[in-house]
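I have a structure here, written as structure tokens, and I will follow up with some questions on it.
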Amino acid sequence: ARTHEQATQLKEGLGEIDGITLVTPMDEALSAGIVCFDVDGAAPPDVLGTLSRAGVDASITPYREEHVRVGPSIVTSPDECDTMLEALAQ
């Protein structure tokens, strides 16, 4: 439940930030703990740099079309999710 709650927190927060396109479906029945998104005008490696400087671990999807990927879990907190959202909103 905690992972789904934080994934929902991230998806809702990402949806409120201009220039971010959420790739992961909002519907919990169609998604789990991994949240993928794009930032307009920024390559995924550049977004990873921004997140890393904020202390957020993230990765890039291993597909031909790359997206930024984050995965909240039992070891992350809602505050850490907020930190990620704040870093992307700047």
Side-chain angles (χ1 to χ4, degrees):
R2 179 182 173 122
T3 299
H4 277 280
E5 288 170 6
Q6 290 181 36
T8 298
Q9 176 186 355
L10 288 174
K11 291 186 287 186
E12 288 174 351
L14 289 167
E16 295 176 2
I17 300 173
D18 288 337
I20 291 188
T21 302
L22 187 63
V23 177
T24 302
M26 284 296 297
D27 186 345
E28 283 189 22
L30 300 175
S31 65
I34 295 175
V35 178
C36 299
F37 62 93
D38 298 316
V39 177
D40 293 347
D46 296 333
V47 177
L48 290 188
T50 297
L51 294 174
S52 178
R53 286 187 293 279
V56 176
D57 290 327
S59 61
I60 299 172
T61 57
Y63 311 118
R64 181 172 45 185
E65 185 174 340
E66 296 180 334
H67 306 286
V68 178
R69 174 175 62 185
V70 293
S73 69
I74 61 170
V75 298
T76 56
S77 71
D79 289 342
E80 290 171 307
C81 294
D82 286 340
T83 296
M84 187 199 90
L85 296 169
E86 289 167 8
L88 292 170
Q90 296 181 9

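Residue numbers count from 1 along this sequence. On a predicted model such as this, the values are computed, not experimentally measured, just so you know.
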task: Starting from Leu10, walk the hydrophobic network (Ile, Leu, Val, Met, Phe, Trp, Tyr; side-chain heavy atoms closer than 4.5 Å) and list everyone else you reach, by chain and number.
output: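 Direct or chained contacts put Leu10 with Leu14, Ile17, Ile20, Leu22, Met26, Val35, Phe37, Val39, Val47, Leu48, Leu51, Val56, Ile60, Val68, Val70, Met84, Leu85, Leu88.
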- request: Would you mind listing the cluster partners of Val23? Hydrophobic ones only (ILVMFWY), side-chain contacts under 4.5 Å, chaining allowed.
  value: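 Listed partners: none, Val23 stands alone.
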field: Ile74 atom CD1, over 12 foreign heavy atoms within 6.0 Å
entry: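 Atom CD1 in Ile74 is not packed in, count stays at 12 or less.
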message: Taking side chain to side chain donor-acceptor pair (under 3.5 Å) as the definition, give me every residue that meets it alongside Ser59, ordered by chain and number, with sequence neighbours left out.
response: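 Only Arg69 meet the side chain to side chain donor-acceptor pair (under 3.5 Å) criterion with Ser59.
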- prompt: Any idea which heavy atoms bring Ala7 and Ala32 closest together, and the distance?
  reply: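 Answer, listing the atom of Ala7 first, then Ala32: CB-O, 3.5 Å.
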field: Side-chain touch Pro44/His67, heavy atoms, less than 4.5 angstrom
entry: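 Not touching, per the 4.5 Å side-chain cut-off.
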- prompt: Are Cys36 and Glu66 side-chain neighbours, meaning at least one heavy-atom pair lies under 4.5 Å?
  reply: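 No; the side chains remain at least 4.5 Å from each other.
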task: Would you name the heavy atoms of Ala54 and Thr83 that are closest together and state the gap between them?
output: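 Looks like O-CG2, 3.6 Å.
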field: Flag side-chain contact, heavy atom, 4.5 Å: Lys11 against Ser31
entry: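 Yes, close enough: below the 4.5 Å cut-off.
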field: Side chain Gln90, main chain Ala87, donor-acceptor under 3.5 Å
entry: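 No, the answer is negative, given that no donor and acceptor are paired below the 3.5 Å cut-off.
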message: According to side chain to side chain donor-acceptor pair (under 3.5 Å), who are the partners of Asp57, at least two apart in sequence or on a separate chain?
response: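 With sequence neighbours excluded, Asp57 shows a side chain to side chain donor-acceptor pair (under 3.5 Å) to no residue whatsoever.
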field: Spacing of Thr76 atom OG1 and Arg2 atom CZ [to the nearest 0.5 Å]
entry: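 Thr76 OG1 to Arg2 CZ: 6.0 Å, rounded to 0.5 Å.
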message: Checking one residue: Tyr63. Which other hydrophobic residues are in its cluster under the side-chain 4.5 Å linking rule?
response: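 Reading the cluster by chain and number, Tyr63 sits alone, since nothing else belongs.
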query: Looking at CD of Glu12 and SG of Cys81, how far apart are the two atoms once the value is rounded to the nearest 0.5 Å?
result: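 The distance works out to 11.5 Å.
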query: Is there a donor-acceptor pair closer than 3.5 Å between any side-chain N or O of Gln9 and the backbone N or O of Pro78?
result: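 Yes.
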- prompt: Excluding sequence neighbours, so at least two apart, what forms side chain to side chain donor-acceptor pair (under 3.5 Å) with Thr8?
  reply: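 Glu28.
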